[in-house]
*Asks:* 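I am attaching a structure below and will ask some questions about it afterwards.
Remember, it's a predicted structure, so these values are computed and weren't measured experimentally. Just so it is clear: chains get the letters A, B, ... in the order the sequence lines come, proteins before strands, and each one is counted from 1.
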Protein chains: 2
Amino acid sequence: MDLRRLRALQAVVDTGSVTAAADQVGYTPSAVSQHVAALERETGAVLLERAGRGIRPTEAGRLLAEHARDLMAKVAEAEAAISALQSGNLGTLRVVSFPTAGASLIPPALAMVRQELPHVEVALRVAERDDSMPMLRQGEVDVVVTVGDFAAGEAPRDGLTWVHLLDDPYRLVLPRGHRLAGRRVIDLAELAEDDWVETMCGVGCCQEASSKAFRNAGYEPHWTVEADEYWPAQGFVAAGLGVAMIPSLGLGVLHDSVVVRRLRKDKEPVRHVWAATRPALLGNTPVKTMLRALEQAAGEHVRAMRDGPRAR
Amino acid sequence: MDLRRLRALQAVVDTGSVTAAADQVGYTPSAVSQHVAALERETGAVLLERAGRGIRPTEAGRLLAEHARDLMAKVAEAEAAISALQSGNLGTLRVVSFPTAGASLIPPALAMVRQELPHVEVALRVAERDDSMPMLRQGEVDVVVTVGDFAAGEAPRDGLTWVHLLDDPYRLVLPRGHRLAGRRVIDLAELAEDDWVETMCGVGCCQEASSKAFRNAGYEPHWTVEADEYWPAQGFVAAGLGVAMIPSLGLGVLHDSVVVRRLRKDKEPVRHVWAATRPALLGNTPVKTMLRALEQAAGEHVRAMRDGPRAR
DNA sequence: CGATCGGTGCACAGTAGTTGCATGGGCTAT
DNA sequence: ATAGCCCATGCAACTACTGTGCACCGATCG
């Protein structure tokens with residue numbers, strides 16, 4: 001059974017004439033007649049009978065035309081659904097991010113997506129890179145926001161599409177009364193004798209940059225307490241348990257009793273924050289929108305860091 | 001949008017593999033791949049993405065495949081409906097008959113149809129030939145049972161299909177005490193002086209044969225009362241208002257006080273009773289069944305007339 | 001690292017679809 | 001009654017499409 005034939009039959013039944021049907025569907029009367037003849041061969045039923053110099057649909061013809069109408073409606077429905085999905089009026093966008101981005105980068109980006117594509121459902125999960133990348137490759141999620149060990153412009157050619165979001169610099173967090181609190185820029189070496197609050201953000205892929213910075217400064221810091229997140233870490237600093245080195249994305253909210261200071265530009269450790277997706281999804285409106293939103297949110301974060309009164 | 005393509009896509013999404021889908025629908029993997037590619041071109045959506053050495057359907061692919069499943073179900077539904085209609089498990093059979101057949105011929109025929117095709121609706125109307133034939137030609141009804149002015153084997157070539165059912169002989173109906181009531185066969189000429197009960201069955205096309213018989217007998221009968229149907233006419237005869245000539249089909253029920261007698265075979269007027277349908281309907285199971293049933297009912301009526309104890 | 005598997009692109013063969021034209025039946029106006 | 005027109009259909013020719021076979025490429029597995 002062929003949709004064009006059913007369409008032709010439906011037109012014939014609707015108009016009551018082969019010629020008018022031909023006009024309607026843009027064929028010649030001959031083509032319409034042959035389509036109906038083919039349907040009659042396939043179904044074994046007589047669909048039209050001659051009536052005077054025109055034709056009249058039989059009961060079978062009317063019945064099949066009725067079903068054809070149903071089918072056309074279903075086809076239109078399918079097309080509408082696909083085009084809705086294409087334009088982002090439907091579907092689910094599945095995003096995974098690493099924990100810190102989940103606080104400062106994702107919320108504004110998601111807000112933008114939800115505003116632009118209000119009918120898209122967004123499913124957000126938080127996971128480290130070792131978990132999130134396989135999920136992306138296996139098609140369980142559509143967009144991953146993660147820390148990469150490669151700098152901007154050095155995206156790996158691994159079959160995925162990488163979008164550089166920002167280089168997230170580590171900052172020093174000092175208690176308000178710290179001897180270096182008055183300085184705007186601090187060299188890591190100056191803190192060799194201080195106590196340190198350790199921050200274990202999950203499995204520590206984001207620790208690489210910071211530990212390298214300590215190696216370069218020539219000492220291993222003296223850890224006092226270990227915080228499992230960046231916000232409690234601020235509390236430990238405020239309580240005087242030590243100083244901490246925290247990436248700027250982790251400083252979205254600040255404790256009253258701490259100050260944030262930059263490290264010397266040339267020795268400033270950074271986390272390369274990337275978004276990744278599968279190339280097949282680049283035509284996907286929600287994915288495109290999300291990537292755009294992430295870039296914009298990242299840009300705004302960078303601007304806020306540069307201009308912000310608290311140097312965060 | 002093409003059903004074959006949707007079918008291919010559905011198979012791919014179901015099996016998760018182009019090759020397996022090709023096996024399922026009986027194509028080569030290349031053909032399936034190209035069908036999906038065509039769908040992607042038409043919809044502008046990516047339906048499949050490569051995953052390892054296989055493929056994985058995208059959200060759009062799954063969505064479209066789901067709609068394809070719906071469509072296939074609708075197509076199967078349409079095919080089932082048509083084949084049900086073909087086999088006579090569906091639909092409406094519209095029959096028109098002349099009044100007398102509506103009493104003796106139609107009921108057993110309809111009973112047979114309803115038994116053989118219990119799901120077919122039957123719409124029965126009663127009309128004279130001048131009304132019923134246009135109805136048949138215009139497609140308002142499917143089968144007409146009527147009195148024809150042509151004998152068996154002389155069906156007109158008028159674009160319709162005619163089936164001879166029976167030659168319905170006129171009978172004499174006499175009151176029990178009539179002077180000729182003891183005879184089995186009567187010559188019409190013997191009743192020249194009797195009073196007659198006239199029977200006007202509608203517009204009187206069925207009167208032709210009887211009036212010709214009177215002309216042949218050489219007299220014009222003396223009409224006393226006019227009955228609009230055959231059953232009341234029996235009542236008039238029973239009441240002694242005269243004798244009547246009534247076709248055998250009109251004698252399905254007999255009044256207690258009348259007797260039925262044959263006319264001389266060579267002068268016996270008959271009504272040619274025919275069924276007609278449009279040739280396009282000859283493939284229609286209900287129509288075929290109805291025609292067969294009518295022939296059978298007619299045969300049984302003829303047998304009953306021949307063997308019946310009351311010579312009707 | 002070679003072998004194999006799965007998917008895809010390309011050229012070709014076969015088939016189906018579309019058109020234009022001729023035919024035939026049926027209605028209508030003269 | 002009849003000529004003319006209209007509508008549907010069959011036929012031949014051309015066109016477009018579809019399916020196949022083969023080669024290629026990337027990915028996986030031994």
*Asks:* If you compare all heavy atoms of Leu3(A) against all heavy atoms of Met72(A), which two are closest, and at what distance to 0.1 Å?
*Replies:*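 Nearest pair, atom of Leu3(A) first, then Met72(A): O-CE, 3.4 Å.
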*Asks:* Side chains of Met133(A) and Val144(A), heavy atoms from C-beta outward: is any pair under 4.5 Å?
*Replies:*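 Yes, close enough: below the 4.5 Å cut-off.
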*Asks:* Between the base of dG19(D) and the side chain of Ser30(B), is there any donor-acceptor pair under 3.5 Å?
*Replies:* no
*Asks:* Along DNA chain C, 5' to 3', what are the outermost nucleotides having an atom less than 4.0 Å from a heavy atom of chain A?
*Replies:*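 Footprint of chain A along DNA chain C, 5' to 3': dG17(C) to dC27(C).
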*Asks:* Give the minimum heavy-atom separation between Ser132(B) and Val96(B), together with the two atoms involved.
*Replies:* CB-CG1, 3.7 Å
*Asks:* Enter the distance from Ile55(B):CD1 to Thr15(B):OG1 here, rounded to the nearest 0.5 Å.
*Replies:*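 If I round to the nearest 0.5 Å, the distance is 7.0 Å.
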*Asks:* By a strict heavy-atom criterion of less than 4.0 Å, which residues belonging to residues 1-24 of chain A are in contact with DNA chain C?
*Replies:* Arg4(A), Arg5(A)
*Asks:* Could you identify which residues of residues 34-57 of chain A place a heavy atom less than 4.0 Å from some atom of DNA chain C, listed by residue number, or say none?
*Replies:* Gln34(A), His35(A), Gly52(A), Arg53(A)
*Asks:* Yes or no on side-chain contact (heavy atoms from CB on, under 4.5 Å) for Arg4(B) and Val25(B), after CA distance, side-chain angles and deciding distance?
*Replies:* CA-CA 9 Å; Arg4(B) 277 170 303 186; Val25(B) 298; over 6 Å; no
*Asks:* Taking only residues two or more places apart in sequence or in another chain, which ones pass ring pair (Phe, Tyr, Trp, His ring centres under 6.0 Å) with His164(A)?
*Replies:* Trp274(A)
*Asks:* Between Tyr27(B) (OH) and dT20(D) (C1'), how many Å, whole number?
*Replies:*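 To the nearest whole Å, that distance equals 12 Å.
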*Asks:* Does a salt bridge link Glu295(B) with Arg292(B), judged by any charged N lying under 4.0 Å from a carboxylate O?
*Replies:* no
*Asks:* Are Leu294(B) and Ile106(B) close enough that some pair of their side-chain heavy atoms sits under 4.5 Å apart?
*Replies:*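 Touching, per the 4.5 Å side-chain cut-off.
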*Asks:* Can you pull the side chain to side chain donor-acceptor pair (under 3.5 Å) pairs that have at least one residue in residues 40-52 of chain B, sequence neighbours excluded?
*Replies:* Arg278(A)-Glu49(B), Arg5(B)-Glu42(B)
*Asks:* Does any pair with a residue in residues 18-49 of chain B pass ring pair (Phe, Tyr, Trp, His ring centres under 6.0 Å), and if so which ones, sequence neighbours excluded?
*Replies:* Tyr27(B)-His35(B)
